[in-house]
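Have a look at the structure below before the remarks.
Each residue takes its place number in the sequence, starting with 1.
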Amino acid sequence: MQASTGVFMARSKQDWTQAKFERYCKEGRGEGSGKDYKPWIKIQDFPSKGRVSRPPGWKTKREHHLFSDNEKRLFYVFEWSDAIVDIREQFPLLDLDLAISIADEMGINYPKDPQSNTPHVLTTDFMLSVKQSKNIVQKARTFKLTKDLGSKSVAEKFELEKRYFAAKGIDWGIITEKEVPKQLAENIEWIHTAYKLEENADINLEELRNIANILKFRLQESDASINKITTALDRDMNIESGTSLYLFRHLLARKEIIMDMLITKISSCPSSKEIQKIIF
């Protein structure tokens, strides 16, 4: 368990000290839920930007700190699921006594900073709160490319994570790129920023909702492409170009328009015949 033993170690060349650990804990990192959760590691902690993103969460109403395109795709899939009610990314294995004791049982060295000898805090990519029957259960999920699963250090880290969460009574699992529906993730990304209606100087929220209802009727009555229908509505209502397409994305995000998100590339604005259901 060396350089790839955890998200923290893999992403930072910075020194890890007891003082920094205590500061992170004092800031409440790894604690809270919903909008109050603070991930253990944040994008601004690292000088190397890479493929990072901070999308605003539909469920949490806060920014999420994601360090790769694969994390982002997985996040969007979790956002779409009605069963998942909370998403906590970069979730720490903060019970260091437990984590270190598991490493000892496994006969491996728990990762420590080579200079300060301070134990690192391992993280799992996502802790999910999931509706299961009438209960909310916690599920830990981590992403890894299939090609990296054969690495000894990766296998050791995952075995430690698995045993750690088992001791906490939490289901843990690995998700690979083969299990992430790419078209679904791309579709959700395309509609994601339209989840919340945003009024502007020309159109208030009530007017936007009225136009959205008109759009529903036009989509229901026409077989033309979605792009043609939304463009015509912009012209007929004398509103800024793109407004009706924004409303279409909003209605999809809110699941008031139902389409096959797994197969259809929604951003290509296919025929309105692809719409499966419109909810009024």
Give a yes or no on whether V154 and I175 share a hydrophobic cluster (residues Ile, Leu, Val, Met, Phe, Trp, Tyr; joining criterion: side-chain heavy atoms under 4.5 Å apart).
no
Ion pair E27/R23, N-O distance below 4.0 Å:
yes
Residues E256 and K216 bridged, charged N to O under 4.0 Å:
yes
Going by heavy atoms in the side chains, are [X] and [Y] under 4.5 Å from each other?
X    : Y    : value
N187 : I191 : no
F91  : T123 : no
F165 : M127 : yes

For Y164, does the six-membered ring have the charged nitrogen or CZ of K168 within the cation-pi criterion, i.e. under 6.0 angstrom from the centroid and within 45° of the normal?
yes
I want to check a possible cation-pi pair here: R141 against F126, using under 6.0 Å from ring centre and within 45° of the ring axis as the test.
no
Using a 3.5 Å distance criterion without hydrogens, assess whether the side chain of D113 forms a donor-acceptor pair with backbone atoms of T17.
no
Short side-chain to backbone donor-acceptor contact, T264 and I266, under 3.5 Å:
no
Non-hydrogen atoms of R218 and I229 that approach each other most closely
CB-CG2, 4.0 Å
Take a 6.0 Å sphere around NZ of K255 and say whether it holds more than 12 heavy atoms from other residues, nucleotides or ligands.
yes
For a salt bridge (Lys or Arg N to Asp or Glu O under 4.0 Å) check, start with the C-alpha distance between D125 and K144, then their side-chain angles and the critical distance, and finish with the verdict.
CA-CA 10 Å; D125 292 332; K144 205 68 181 176; over 6 Å; no
